[in-house]
Amino acid sequence: KETIQVPVLEGNSDSLFGLQLQDDDLYGRTYIKKLSAAKNSSAAKIFGNIKRSRNKLRGAFITHVNGVPVFSTTQATEQLTLLFDQ
């Protein structure tokens, strides 16, 4: 398990912070399908650059967003959007 803090960049307009999520039917969880191609997205800056972030995050399951357990892409999207709106 790894806890990741996503930086909120000024001028960010993506409510999912550059993450593209998908449901895994076998495990009933949501995972990171891919990161957006934008090199200046919040997700790209997690590990310093887009390449390193993609290698570390692609395929990772998301279990919590801001301490709230999430089990589906819908729930994860809702929590990320709430954080974005703050």
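Values below: every heavy atom of this structure, side chains too, minus hydrogens, waters and symmetry copies. If you read the sequence from its start, that first residue is 1, and numbering goes on from there.
- Without hydrogens or angle criteria, R29 side chain to V70 main chain gives a donor-acceptor distance under 3.5 Å.
- Separation of atoms CG (N49) and CZ (R54) is listed at 10.0 Å; rounding is to 0.5 Å.
- In this structure, CG on L57 lies 13.0 Å from CD on Q20, to the nearest 0.5 angstrom.
- Between S15 and F84 the shortest heavy-atom distance is CA-CG, 3.6 Å.
- S53 places a side-chain N or O within 3.5 Å of a backbone atom of F47 that can act as its donor or acceptor partner.
- Here the options are T30, D23, L21, the test is side-chain contact (heavy atoms from CB on, under 4.5 Å), and the partner is S72; only D23 passes.
- With respect to I62, the side-chain contact (heavy atoms from CB on, under 4.5 Å) criterion is satisfied by exactly one of L80, I32, I4, T73: I32.
- By the criterion of side-chain heavy atoms lying less than 4.5 angstrom apart, applied directly or through intervening Ile, Leu, Val, Met, Phe, Trp or Tyr residues, I46 is not grouped with Y31; the two fall into different hydrophobic clusters.
- Side-chain atoms of S42 never come within 3.5 Å of backbone atoms of V6 as a donor-acceptor pair (strictly under, hydrogens ignored).
- Of all heavy-atom pairs spanning K33 and Q22, the tightest one is CD-OE1, 2.9 Å.
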